[in-house]
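The block underneath contains the structure these notes are about, expressed in structure tokens.
Predicted model only: the values in this text are computed from it and were never measured. Sequential numbering from 1 along the given sequence is applied to the chain's residues. All values below come from the heavy atoms of this structure, side chains included, with hydrogens, waters and symmetry mates left out.
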Amino acid sequence: MKLSTKGRYAVMAMVDLANASKGQPVALADIAERQEISLSYLEQLFAKLRRGGLVRSVRGPGGGYLLAHASEATRVADIIMAVDEPIRATRCASHSPVGCRTDKSRCLTHDLWEELGNQIHHYLSRVSLADVCARRVGGTVGNAPTPAQACGEMAAAE
């Protein structure tokens, strides 16, 4: 299974937004520069993230984007789903009775790959932006800062 740049860049940008915000809007140009992502690509991703209710835009001088919810409440799976990135490992459509083989049957490993996709989705549904900011993923639990400190958020902004 391969996660495309769409999903990876959306998560990278959202983590950057959580880190840089400090309760103030963050310009996409700043995120683009820090994360080395094309500004036009970020604009497309943030349009989807806004429609998905994960960010809100602020217009005018000093405008940009803010998280729509606290970083603790924003799940990585929601970010990936908002940019239309499927979390699946099978060749055929999930939960479809029709398989990907030419005779429309499922391959012998279909259930294995479908369950892998389910496990990935389950894991990403438990990981919040705050977890990523505080480096509480991948066995790095330790003397991590609090989620608000790690993501640069102010309690009043949440």
Side-chain angles (χ1 to χ4, degrees), residues 1-21 26 28 30-57 65-148 150-153 158:
M1 182 179 130
K2 181 179 179 186
L3 182 63
S4 77
T5 56
K6 192 186 309 184
R8 284 189 296 114
Y9 285 3
V11 173
M12 288 169 57
M14 289 288 284
V15 169
D16 187 288
L17 176 61
N19 273 325
S21 177
V26 177
L28 284 186
D30 295 338
I31 296 172
E33 184 178 329
R34 283 189 297 267
Q35 298 304 316
E36 300 177 355
I37 301 171
S38 157
L39 178 59
S40 62
Y41 196 58
L42 270 185
E43 288 169 345
Q44 294 171 34
L45 292 176
F46 270 72
K48 291 181 178 191
L49 292 166
R50 188 177 48 76
R51 283 192 300 271
L54 297 176
V55 296
R56 57 187 174 94
S57 61
Y65 284 89
L66 292 165
L67 294 177
H69 311 284
S71 61
E72 294 88 352
T74 305
R75 303 292 168 195
V76 171
D78 295 334
I79 297 167
I80 293 170
M81 299 303 282
V83 295
D84 300 325
E85 181 67 27
I87 301 173
R88 63 172 227 236
T90 59
R91 288 192 304 185
C92 47
S94 290
H95 310 304
S96 172
V98 178
C100 58
R101 295 170 45 116
T102 55
D103 66 358
K104 305 296 184 208
S105 67
R106 291 182 171 181
C107 65
L108 293 174
T109 58
H110 175 87
D111 293 339
L112 170 70
W113 303 129
E114 186 162 40
E115 183 57 24
L116 174 62
N118 292 340
Q119 292 296 321
I120 291 169
H121 180 74
H122 179 70
Y123 171 71
L124 295 177
S125 294
R126 294 182 321 196
V127 177
S128 70
L129 281 179
D131 293 329
V132 178
C133 291
R135 300 180 187 264
R136 291 191 304 255
V137 293
T140 58
V141 176
N143 295 326
T146 67
C151 289
E153 296 176 353
E158 296 175 10

Of all heavy-atom pairs linking Ala68 and Gly53, the shortest is CB-O, 3.2 Å
When rounded to the nearest 0.5 Å, the distance separating CG of Leu39 from CZ of Phe46 is 10.5 Å
Here the gap from His69 atom NE2 to Asp78 atom CG, rounded to the nearest 0.5 Å, amounts to 8.5 Å
* Would a 4.5 Å heavy-atom cut-off, applied to side chains only, mark Ile120 and Leu116 as touching? -> yes
Scanning both residues in full, the closest heavy-atom pair of Thr5 with Tyr41 reads OG1-OH, 3.4 Å
Under 6.0 Å from the CD atom of Glu33, do we count more than 12 heavy atoms belonging to anything else shown? no
- [ ] Given side chain to side chain contact (heavy atoms under 4.5 Å, CB included), test Ser21 with Val26 step by step and report yes or no.
- [x] CA-CA 6 Å; Ser21 177; Val26 177; 4.2 Å; yes
For Leu66 and Leu17, the nearest pair of non-hydrogen atoms, with its separation, is C-CD2, 4.0 Å
Heavy-atom closest pair (Ser57 atom, Arg50 atom, distance to 0.1 Å) is OG-CD, 3.9 Å
Next item on the list: Decide yes or no for Ile79 and Leu129: does some side-chain heavy atom of the first lie under 4.5 Å from some side-chain heavy atom of the second?
Entry: yes
Could you tell me whether the side chain of Leu54 reaches within less than 4.5 Å of the side chain of Leu67, counting heavy atoms only? no
Taking the side chain as everything from C-beta on, heavy atoms only, tell me whether Leu42 gets closer than 4.5 Å to Tyr9. no
Fill in: Min side-chain heavy-atom separation Arg56-Leu49 under 4.5 Å
no
Nearest heavy-atom contact between Cys133 and Asn19 is SG-OD1, 3.7 Å
d(Gln35 CD, Leu28 CG) to nearest 0.5 Å is 12.0 Å
**Report entry** Side-chain heavy atoms of Arg75 within contact of Val127, under 4.5 Å
**Finding:** no
Q | Verdict with supporting geometry, Val15 and Met12, side chain to side chain contact (heavy atoms under 4.5 Å, CB included) | A | CA-CA 5 Å; Val15 169; Met12 288 169 57; 6.0 Å; no
Notebook entry, point to check: Got Tyr123 and Val76 here, is their nearest side-chain heavy-atom distance under 4.5 Å?
Noted result: no
Between the CG atom in Leu124 and the CD atom in Gln119, the distance rounded to the nearest 0.5 Å is 11.0 Å
So do Lys6 and Lys48 actually touch side chain to side chain, heavy atoms under 4.5 Å?
yes
Stepwise side chain to side chain contact (heavy atoms under 4.5 Å, CB included) check, Asp131 with Glu72: CA-CA 7 Å; Asp131 293 329; Glu72 294 88 352; over 6 Å; no
Tightest non-hydrogen contact, residues Gly7 and Val83, listed as CA-CG2, 4.1 Å
Value for NE2 (His122) from CD (Glu115), rounded to nearest 0.5 Å, stands at 10.0 Å
